[in-house]
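Basis for what follows: all heavy atoms, side chains included, without hydrogens, waters or symmetry-related copies. In what follows, chains carry the letters A, B, and so on, assigned in the order in which the sequence lines appear, proteins first and then strands, with residues in each chain numbered from 1.
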Number of protein chains: 2
Amino acid sequence: MRMAEGVEWAAHVCLLLHWLQEDDPTPVPAARLAEAYDLPPAYLGKQVQALTRAGITESVPGVRGGVRLARAAADITLMDLVVAIEGPDDAFVCTEIRQRGMNADRPARDFLRPCSIAHAMRAAEVSWRRSLAATSLADLSDDVEPRVRQDARRHFTRV
Amino acid sequence: MRMAEGVEWAAHVCLLLHWLQEDDPTPVPAARLAEAYDLPPAYLGKQVQALTRAGITESVPGVRGGVRLARAAADITLMDLVVAIEGPDDAFVCTEIRQRGMNADRPARDFLRPCSIAHAMRAAEVSWRRSLAATSLADLSDDVEPRVRQDARRHFTRV
DNA sequence: GGTTCCGTACTCGGATAGTTGTTGTCCGAGTAATGAGGG
DNA sequence: CCCTCATTACTCGGACAACAACTATCCGAGTACGGAACC
């Protein structure tokens with residue numbers, strides 16, 4: 001059970017977009033973002049497409065086009081990013097094996113209540129999701145050294 | 001990011017072993033466990049091997065051999081099962097892309113503090129792990145209808 | 001009758017293919033800037 | 001000098017391979033039981 005690497009990329013890229021937009025709302029090409037963190041340009045573009053489909057970013061076509069955050073950094077949570085890249089499905093999926101094999105002939109009446117294992121797994125995932133939903137891009141940005149943010153802006157305005 | 005199906009199998013199988021051992025400590029062959037829930041016998045055997053390596057179950061070779069829980073059900077948590085099957089690694093792995101690309105020439109001094117994204121992801125996973133570690137097999141067993149438990153025992157003593 | 005030994009059947013264990021999902025790449029559709037030409 | 005328009009370069013977007021991990025299976029090593037032979 002390993003999370004897709006695109007989640008990490010999306011998070012860093014969205015943070016970077018947030019920094020760049022604090023004083024310049026012009027969109028940034030995905031290829032430029034990839035170059036900033038030495039990532040495969042085409043593949044990062046695919047991830048950015050997923051972010052756009054999820055409404056986290058909005059893409060501007062054309063010669064001076066690119067991508068930018070669709071809403072304020074305080075309104076974008078890590079949960080949003082994970083759902084955009086990984087999809088909304090839970091990690092643990094209950095296949096109801098308790099109703100198979102020796103219990104195949106048992107009436108469905110005995111399985112009205114959800115599987116206790118699935119219930120516990122779901123509770124744990126809800127805890128995980130709550131933690132992610134409580135962390136916004138703005139929160140993350142506050143924990144990054146100001147020098148790094150400033151130099152990132154400088155890097156993009158310079159070129 | 002989908003969890004391996006073996007986790008579900010391991011949980012159900014361990015619960016079943018717990019029920020069977022409440023009045024009979026003789027080991028149960030893995031093939032019998034697979035038949036109980038209509039699972040692929042060979043593949044379930046592989047998962048049981050992982051449980052044994054993790055010290056959750058102990059296997060008895062020989063003609064009347066099989067597998068049984070290595071310790072009390074109250075001392076086996078869902079976290080133990082997940083670690084045994086999926087491995088101990090976190091789902092999110094930080095590859096430190098913040099130090100690459102435009103920040104490649106930055107002194108390591110600026111990256112002493114952990115990446116804020118990785119930090120938030122880790123906090124969420126810790127929350128998930130705590131929830132799993134707080135749930136033991138005994139807790140799960142209490143939420144299963146007594147009829148199901150009793151019939152499971154009956155199914156195995158009858159054959 | 002008790003004991004020893006051997007054969008056997010059954011168990012786990014690791015090594016071996018098949019399939020799905022993630023990673024990585026490429027080329028085409030669409031759009032806005034840009035320059036030239038005309039009014 | 002200003003407006004119109006065609007060209008052009010650049011962007012995103014979805015379709016196309018390569019790789020890894022999970023899923024599934026098989027056969028071999030090891031062990032305890034069971035019976036037969038022997039004392």
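- No engagement by B:Ala31 is indicated, since no non-hydrogen atom pair under 4.0 Å with the nucleic acid exists.
- In this structure, the CD atom of A:Glu8 is 15 Å from the C1' atom of C:dT23, given to the nearest Å.
- Between A:Ala73 and A:Ser136, the closest heavy-atom pair is O-CB, 3.8 Å.
- When heavy atoms are screened at a 4.0 angstrom cut-off, B:Gly66 is found touching the sugar-phosphate backbone but no base atom.
- At whole-Å resolution of the value, CD in B:Glu58 and C1' in C:dG13 are 17 Å apart.
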Name the atoms and distances for all side-chain donor-acceptor pairs under 3.5 Å in residues 75-86 of chain B, with sequence neighbours left out.
from: B:Thr77; atom 1: OG1; to: B:Met79; atom 2: N; distance (Å): 3.3
from: B:Thr77; atom 1: OG1; to: B:Asp80; atom 2: N; distance (Å): 3.2
from: B:Thr77; atom 1: OG1; to: B:Asp80; atom 2: OD2; distance (Å): 3.1
from: B:Asp80; atom 1: OD2; to: B:Arg71; atom 2: NH2; distance (Å): 3.3
from: B:Asp80; atom 1: OD2; to: B:Thr77; atom 2: N; distance (Å): 3.0
from: B:Glu86; atom 1: OE1; to: A:Met1; atom 2: N; distance (Å): 2.5
from: B:Glu86; atom 1: OE2; to: B:Ala4; atom 2: N; distance (Å): 2.5

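- The side chain of A:Ser59 contributes an N or O atom lying less than 4.0 Å from OP1 or OP2 of D:dG13.
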Taking only N/O atoms, report every protein-nucleotides 20-27 of chain D pair under 3.5 Å with atom names and distance.
from: D:dT23; atom 1: OP1; to: B:Glu5; atom 2: N; distance (Å): 3.1
from: D:dT23; atom 1: OP2; to: B:Tyr43; atom 2: OH; distance (Å): 3.1

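- Judged as a side-chain hydrogen bond (donor to acceptor under 3.5 Å, both in side chains), and not counting sequence neighbours, the contacts of B:Arg122 are B:Asp90.
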Got a list of side-chain donor-acceptor pairs under 3.5 Å for residues 53-63 of chain B, not counting sequence neighbours?
from: B:Thr57; atom 1: OG1; to: B:Thr52; atom 2: N; distance (Å): 3.3
from: B:Thr57; atom 1: OG1; to: B:Thr52; atom 2: OG1; distance (Å): 3.0
from: B:Glu58; atom 1: OE2; to: B:Arg68; atom 2: NE; distance (Å): 3.2

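- In this structure, A:Arg53 does not reach the D:dG13 phosphate: none of its side-chain N or O atoms is under 4.0 Å from OP1 or OP2.
- Under the rule for a salt bridge (Lys or Arg N to Asp or Glu O under 4.0 Å), A:Asp24 has no partner lying at least two apart in sequence or in another chain.
- Between the P atom of C:dG24 and the CD atom of A:Gln49 lies a distance of 16 Å, rounded to the nearest Å.
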Distance-only donor-acceptor hits, side chain of residues 11-22 of chain A, under 3.5 Å, sequence neighbours excluded:
from: A:Trp19; atom 1: NE1; to: A:Ser141; atom 2: OG; distance (Å): 2.8
from: A:Glu22; atom 1: OE1; to: A:Arg153; atom 2: NH1; distance (Å): 2.8

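- Checked against side-chain hydrogen bond (donor to acceptor under 3.5 Å, both in side chains), B:Ser127 has the following partners two or more places apart in sequence or in another chain: A:Ser127.
- For A:Glu96, the side-chain hydrogen bond (donor to acceptor under 3.5 Å, both in side chains) partners two or more places apart in sequence, or in a different chain, are A:Arg98, A:Gln99.
- DNA chain C lies under 4.0 Å from no heavy atom of any residue of residues 14-23 of chain B.
- Computed from coordinates, the A:Arg68 CZ to D:dC12 C1' distance equals 14 Å when rounded to whole Å.
- Applying the ring-ring contact (aromatic ring centres under 6.0 Å, His included) definition to pairs two or more places apart or across chains, none involves residues 90-119 of chain A.
- Salt bridge absent: A:Glu145 and A:Arg149 never bring a charged side-chain N and a carboxylate O closer than 4.0 Å.
- Not counting sequence neighbours, A:Asp143 has no partner by the side-chain hydrogen bond (donor to acceptor under 3.5 Å, both in side chains) test.
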Between the protein and nucleotides 27-37 of chain C, are there any N/O to N/O pairs under 3.5 Å, and if so, what are the atom names and distances?
from: C:dT34; atom 1: OP1; to: A:Arg64; atom 2: NH2; distance (Å): 3.3

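- The distance between atom CG of A:Leu39 and atom C1' of C:dT23, rounded to the nearest whole Å, is 13 Å.
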